[in-house]
Amino acid sequence: MGRPGREVRTDFPHRRQADKDSGRAGVACQLNPPSSTSSPLDKTLPAARGANMTAERFDPASADQRWQRAWDEAQSFRADDTSAKPRSYVLEMFPYPSGRIHIGHVRNYTMGDVLARAKKMQGYEVLHPMGWDAFGMPAENAAMEKGVHPGGWTRDNIANMKAQLKRLGFALDWSRELATCDPEYYGHEQALFLDLYAAGLVYRKESAVNWDPVDMTVLANEQVIDGRGWRSGALVEKRKLNQWFLKITQFADDLLAGLGSLDKWPEKVRLMQENWIGKSQGLRCTFRFPGSAEGVEVFTTRPDTLFGASFVAIAADHPLAQQMAETVPELAEFIADCKRGGTTAAELETAEKKGFNTGLSAEHPLKPSWHLPVYVANFVLMDYGTGAVFGCPAHDQRDLDFARKYELPVTRVVADGDETGSTFDGNEAYTGPGRIVNSEWLDGMDVESAKAAVIARAAHEGWGEGTTVWRLRDWGVSRQRYWGTPIPFIHCGTCGVVPVPKDQLPVTLPEDVSFDVPGNPLLRHPTWKHVDCPQCGGKAERETDTLDTFVDSSWYFLRFASQPADKPFDPEVIRRWLPVEQYIGGIEHAILHLLYARFWTRALAHIGLIDVKEPFGSLFTQGMVTHETYSRIDPANGQPVYFSPADIERGADSAVLKADGAPVEIGRVIKMSKSKKNVVDPDDIIAQYGADAVRWFMLSDSPPERDLPWSEAGIEGCARFVQRLWRLFGQYDPAATGEDKALDRKRDQTVQAAGQDIASLGFNKAVARIYELTGAVEKAAPSASRSAAIRVLLLLAAPMMPHLAEEAWAAIGGEGLVADAAWPPVDPALLVEDEVTIAIQVLGKLRDTITVPKGLPREEIEALALASDKVQRALDGKAVKKVIVVPDRLVNLVA
RNA sequence: GCCCCUGUGGCGGAAUGGUAGACGCGAACGACUCAAAAUCGUUUGCCGCAAGGCGUGCCCGUUCGAGUCGGGCCAGGGGCACCA
């Protein structure tokens, strides 16, 4: 059982138990069992015993841990699949276990945590899980650099980061923790992959990849920098390899249409996905070679401009160009020249349009007697459309640049306002709307009608058809790497590509692998890949590619919701939790992760495994945490040397290095990064200020979608506020008597508004309201109202500063844990003011304000306004021509 | 090049077309203290002694009234890109 290098599992459904029984961690990172539950005899809250009700200061160093343990022991945040309550699934994008959490994680998870805790208080059954996106390159890099095993490295990192998250007191259901590198997880993923294969959504195709000849591995496009491998620096080659693909294009239309229903997603993300999917509708048609059945097939979105054509251009790697190059050395040279061109944005922007006249000509499809020259052109892309275009210079800038250079005809076919002449002057193409001109039977139509007319005729005459072209490509998921999900297929000389039978899943990674030479360890492992064919029993080889890690994160939110041992998830339970009510993460995942997850949701629905349309109902992309930089110019080389904030003494508007007391330059506030040393370590600040102050800082001031500038002064202010609340909570007096109507009103208004702010993730506004109520309570004289307000304030603060809240809750004799307490109710009658302050304007300028009973009739307000000295002075004897009264708000006197 | 977002005090930022600057940070002054920290109080958009005037990147417009709506610019940030 679990012997390294074992090829095929035969007992997947039962393996989980078996492995735990044997105590083996397995090859990958098995997670710790849930922490032991408290003794049933221990009904009192253990942490409460440590709470010091009379302490003048709240001591996070002791309180944080006590309450974290109390929540663990009470399993306060365990989600109940069978609960009858309304449900809320709050999810933050799970982290890659790099080793340490960074401040961005703290911000992200604090936001989700406040929402989850508030929802729980408001009566929802909340699912708020956490796990690890644990496969990927950094683990292999660590293996290469430090000689450690990727599995061990990852497991250690997870343990560290889990401890860090615990120190922040997040309300997470740790019983659902998962790691994608756990065979239990990726085995189910393999099963899903086989299901998609059976449904025809997975296929193999020969495809060009970026190959690093030094590291002997495939690189993602992002890992190729200026044509060189990011690690090795070697010139990257294009290689043809058999690759596995997921048929995401089958859902292109639906993925695009679905964006319309995502009204709780940022407009920006929807636009980015829309652009990425890139739907273009147009005409595909053939320009025949005279007297031949052969021709060049082109795609255009502007069939209306067909009469403005003046050339045909094909891509350098178009098969026709390749074929001709064999016999025409000048063309071969030109093609080679095209390939040498840079691919960066700036180079493309400035690259000159160049072409090579093949000497061929092609018939215009609408007028066979009209022959157009055929060029090979450097601006035509083989991998978009058909790899060939017709050039209409008057109405396409690239075509115009090209036509001017090679002195080709430029004919206007769309009127630009009054300009209808066939001769097109200037060097700026007209791409706007207009009537079709100089186009025979199309003349007089608008652009859209002309497009339809040409497509209809093409279809009728058989030389072309209306078609849709997508920018979106099928998703290549093969990675020639070790630390990923093995693709569950076997290559047999007799039977071909054979899926691993499901009862043999998971296909686990071998543990005894080496990283001392480049290349894929799975490929050179002595035994792992050698297996018998499941079909014919003959000798066969395992697929040694592993899946792109984006596959792992494309369905983890389903596994969080339902974790049966014998299948990836239970559809019935999925139906209860999904879609995720609120998903929170970084904008960097706007396209790939979020698009892939939407695709998987559709693919799994397509094969009947789930009944979910969109995985994430509401999406929120949070801003970065930034910090100013501290530097000095190194006189030796003129380069800046950066200093860590920890080594800096920050004054009001200057900063000095602690080591030498000499000043340093205070630089721009930018994203925290190791190279600029403007980072703060979550552990350090938690140790220094306590988890609640850190959490409070994360929520204060900046709106959550914007960048949050970290500052020493800011966190100190937060830590002070934690103590200020503690002192106020200490003034709670259950025996106090007397009513303070204004405070009651303020209290309920704050509950109402803060609740709405949290629901809409306006944490900075909720924070401001809590400050306001705090100030109001502090100023109020003792009364029953004041005590009630203190209690409410504690409950409002609980989602944000849970440790402080628990400590104070225990101190004031609250029942159970504040984590289980109910959100304070509001009295609707108290939400409306009985007095209002009305602004009095003269000619739209504020001149005075009056405080009157709410609902005072217009005439009385008007009379009071006119009675004001300040108003009379502003009127300066002029007659009032018109009076605008907005009841309970303002009066505007127009003189 | 195309598309999107953002521009408000010293700083982070509030503000259903209706009192711009809530709240926080910072700063100043005061109280407490032998002193400091902590805490508490007052002040804090700009000009002006005041009355008052000016003020949400700039210019126009709509409106009784514009930070907010429309048009045109400018600046910063981001995304996409020889996509036919």
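Model, not experiment: these values are computed from the prediction. Chain naming here is simple, since letters A, B, ... match the order of the sequence lines and numbering starts at 1 in each.
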Taking any heavy-atom pair under 4.0 Å as a contact, classify [X]: base, sugar-phosphate, or nothing.
| X | result |
| --- | --- |
| A:V380 | base |
| A:L271 | sugar-phosphate |
| A:K765 | sugar-phosphate |
| A:S700 | nothing |
| A:V886 | base |
| A:T837 | base |

Handout entry: Earlier contact from the 5' end, RNA chain B, for A:E772 and A:R473
Key =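 Looking at the nearest nucleotide for each, A:E772 comes out on the 5' side.
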Handout entry: A:V894 or A:V389, whichever maps to the more 5' nucleotide of RNA chain B
Key =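 Per heavy-atom nearest nucleotide, the more 5' residue is A:V894.
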Exercise for the section: Determine whether the aromatic ring centres of A:Y430 and A:F424 lie less than 6.0 Å apart. Expected result: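 For A:Y430 and A:F424, the ring centres are not under 6.0 Å apart.
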Problem - Centroid-centroid under 6.0 Å between A:F311 and A:F402 rings - result: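 Yes.
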Exercise for the section: Assign B:G9 to syn or anti; the rule is syn for a glycosidic angle within 90° of 0 and anti otherwise. Expected result: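 You should classify B:G9 as syn.
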Phosphate contact ([N] OP1 or OP2) by [X] side-chain N/O below 4.0 Å:
| X | N | value |
| --- | --- | --- |
| A:R706 | B:G13 | yes |
| A:N764 | B:A14 | yes |
| A:R720 | B:G26 | yes |
| A:Y771 | B:G24 | no |
| A:R889 | B:U16 | no |

Problem - Donor-acceptor pair under 3.5 Å, A:K353 side chain vs B:C82 base - result: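 Counting by modelled atom types and ignoring angles, a donor-acceptor contact under 3.5 Å is found here.
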Exercise for the section: Would you kindly check whether a donor in the side chain of A:N892 faces an acceptor in the base of B:C64, or vice versa, at under 3.5 angstrom? Expected result: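 Answer is yes: a donor-acceptor pair is held.
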Problem - ring-ring contact (aromatic ring centres under 6.0 Å, His included), paired with A:F58, selected from A:W726, A:F721, A:Y689 - result: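 Going through A:W726, A:F721, A:Y689 one by one, the ring-ring contact (aromatic ring centres under 6.0 Å, His included) with A:F58 is satisfied by A:W726 alone.
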Exercise for the section: Can you check each nucleotide of nucleotides 40-55 of chain B against protein heavy atoms at under 4.0 Å and return B for base, S for sugar-phosphate only, - for none, in 5' to 3' order? Expected result: S----------SSSS-
Practice task
Would you confirm whether A:D707, through its side chain, and A:V625, through its main-chain N or O, come within 3.5 Å as a donor-acceptor pair?
Solution key: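 Answer holds: no.
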Problem - Donor-acceptor contact present, side-chain A:H395 to main-chain A:V414, <3.5 Å - result: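 The answer is yes, because a donor-acceptor pair under 3.5 Å joins these two groups.
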Practice task
Report the C-alpha distance between A:N678 and A:T629 in whole Å, list the side-chain angles of each, state the deciding distance to 0.1 Å, and finish with yes or no for side chain to side chain donor-acceptor pair (under 3.5 Å).
Solution key: CA-CA 5 Å; A:N678 60 337; A:T629 54; 6.0 Å; no
Handout entry: Separation of B:C80 P from A:L381 CG (nearest whole Å)
Key =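 Rounding to the nearest Å, CG of A:L381 and P of B:C80 are 16 Å apart.
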Exercise for the section: Using atom CE of A:M272 as one end and atom C1' of B:C5 as the other, report the distance to the nearest whole Å. Expected result: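 About 12 Å, once rounded to whole Å.
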Exercise for the section: Would you mind checking if A:R769 and A:E772 are paired as a salt bridge, meaning a charged N to carboxylate O distance below 4.0 Å? Expected result: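 A salt bridge is absent here (no side-chain N lies under 4.0 Å from a carboxylate O).
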Practice task
Salt-bridge test for A:D399 and A:K353: reply yes if a basic N is under 4.0 Å from a carboxylate O, no otherwise.
Solution key: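 Salt bridge: no.
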Problem - Proximity to the side chain of A:I884 - top-ranked nucleotide from B:G12, B:G18, B:G79 - result: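 The closest nucleotide is B:G18.
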Handout entry: Contiguous pairing runs of three or more, Watson-Crick or G-U under 3.5 Å, that involve RNA chain B
Key =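 Looking at RNA chain B, the stems formed by three or more consecutive pairs are B:1-7 with B:74-80, B:10-12 with B:23-25, B:26-31 with B:39-44, B:45-47 with B:52-54, B:57-61 with B:69-73.
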Problem - Plane angle bin for A:Y375 and A:Y406 - parallel if under 30°, tilted between 30 and 60°, otherwise perpendicular - result: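 Geometry flag for A:Y375 against A:Y406: tilted rings.
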